[in-house]
Participant: 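Please see the structure below; I have some questions.
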Amino acid sequence: LDKVASEIKNKYGRRGIRVEGHTDTDPIRKSQWGTNERLSQARAEAVRTYLVNKGIASRQISAVGFGSSQPKGTKAASRRVEIVILQN
């Protein structure tokens, strides 16, 4: 994430950034989050907080959790955070 923060600051300093959290489709059974949507939001917020702490303006970056709505080919690949550079 340090490299990502550096790239964002150097190349995309004036563009909006959206951090998207995702999960697999397995139901949450025993967890503080309770749902995949909450877990994915927590993932996205954790990355957003890290990037803000590395110098990216908080007004520039948002976080959203998609839960299991956009799965990848495997469960492991579905447990992810994606960083999207927005068109301004």
Side-chain angles (χ1 to χ4, degrees):
L1 280 178
D2 289 342
K3 288 181 182 182
V4 171
S6 179
E7 286 288 312
I8 290 171
K9 287 190 292 185
N10 291 331
K11 294 184 179 179
Y12 306 105
R14 297 184 183 265
R15 307 237 333 244
I17 309 295
R18 184 176 60 232
V19 180
E20 300 177 345
H22 301 273
T23 64
D24 61 30
T25 58
D26 289 351
I28 302 278
R29 288 193 175 84
K30 295 180 181 178
S31 169
Q32 65 182 4
W33 294 285
T35 66
N36 280 322
E37 289 72 23
R38 288 184 189 159
L39 173 56
S40 65
Q41 184 68 38
R43 285 181 177 158
E45 290 290 343
V47 171
R48 180 190 181 277
T49 298
Y50 187 90
L51 294 174
V52 168
N53 287 336
K54 290 296 178 176
I56 297 174
S58 62
R59 68 183 181 287
Q60 180 184 357
I61 187 166
S62 63
V64 63
F66 287 108
S68 59
S69 67
Q70 298 175 14
K72 294 283 186 182
T74 66
K75 287 182 185 186
S78 294
R79 300 173 187 148
R80 69 193 190 281
V81 172
E82 295 179 340
I83 299 171
V84 179
I85 308 299
L86 303 174
Q87 297 292 330
N88 286 351

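Note that this is a predicted model, so its numbers are computed, not measured. Values below: all heavy atoms of this structure, side chains included; hydrogens, waters and symmetry mates excluded.
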Participant: Ignoring hydrogens, what is the shortest heavy-atom contact between Leu51 and Ala5? Give both atom names and the distance.
Facilitator: CD2-CB, 3.8 Å
Participant: For a side-chain contact (heavy atoms from CB on, under 4.5 Å) with Lys54, tell me which candidate from Val4, Asp2, Leu1 qualifies.
Facilitator: Asp2
Participant: Give the other cluster members for Leu86, using side-chain heavy-atom distances under 4.5 Å between Ile, Leu, Val, Met, Phe, Trp and Tyr residues; answer none if it is isolated.
Facilitator: Val84
Participant: So which heavy atom on Ser40 is nearest to which on Gly67, and how close?
Facilitator: OG-N, 2.8 Å
Participant: Determine whether Val47 and Ile85 fall in the same hydrophobic cluster, where Ile, Leu, Val, Met, Phe, Trp and Tyr are linked whenever their side-chain heavy atoms lie under 4.5 Å apart.
Facilitator: yes
Participant: Between Asn36 and Ile28 (side chain of the first, backbone of the second, donor and acceptor by atom type, cut-off under 3.5 Å), is there such a pair?
Facilitator: no
Participant: Whether the side chain of Ser78 engages the backbone of Lys72 through a donor-acceptor N/O pair (distance < 3.5 Å, no angle test) should be reported.
Facilitator: yes
Participant: Gln70 versus Arg80: any side-chain heavy-atom pair under 4.5 Å?
Facilitator: yes
Participant: Scan for ring pair (Phe, Tyr, Trp, His ring centres under 6.0 Å) pairs involving residues 34-64, sequence neighbours excluded, and state none if there are none.
Facilitator: none
Participant: Do Arg38 and Gln41 have side chains that get closer than 4.5 Å, going by heavy atoms?
Facilitator: no
Participant: Distance check, rounded to the nearest 0.5 Å: Ser62 atom OG versus Ile17 atom CD1?
Facilitator: 9.0 Å
Participant: Quick check against the 3.5 Å criterion: does Thr49 have a side-chain atom that pairs as donor or acceptor with the backbone of Ala46?
Facilitator: no
Participant: What closest approach, in Å, do Arg48 and Ile61 show between heavy atoms, and which atom pair accounts for it?
Facilitator: NE-O, 2.8 Å
Participant: Could you pull out the closest heavy-atom pair between Gly21 and Ala44, with the gap in Å?
Facilitator: N-CB, 3.6 Å
Participant: Rounded at 0.5 Å granularity, tell me how far CD1 in Ile83 sits from CD in Glu7.
Facilitator: 11.5 Å
Participant: According to ring pair (Phe, Tyr, Trp, His ring centres under 6.0 Å), does anything in residues 6-47 pair up with another residue at least two apart or in another chain? List the pairs.
Facilitator: His22-Phe66
Participant: In this structure, would Val52 and Val19 fall into the same cluster of hydrophobic residues linked by side-chain contacts under 4.5 Å?
Facilitator: yes
Participant: So do Gln87 and Arg15 actually touch side chain to side chain, heavy atoms under 4.5 Å?
Facilitator: yes
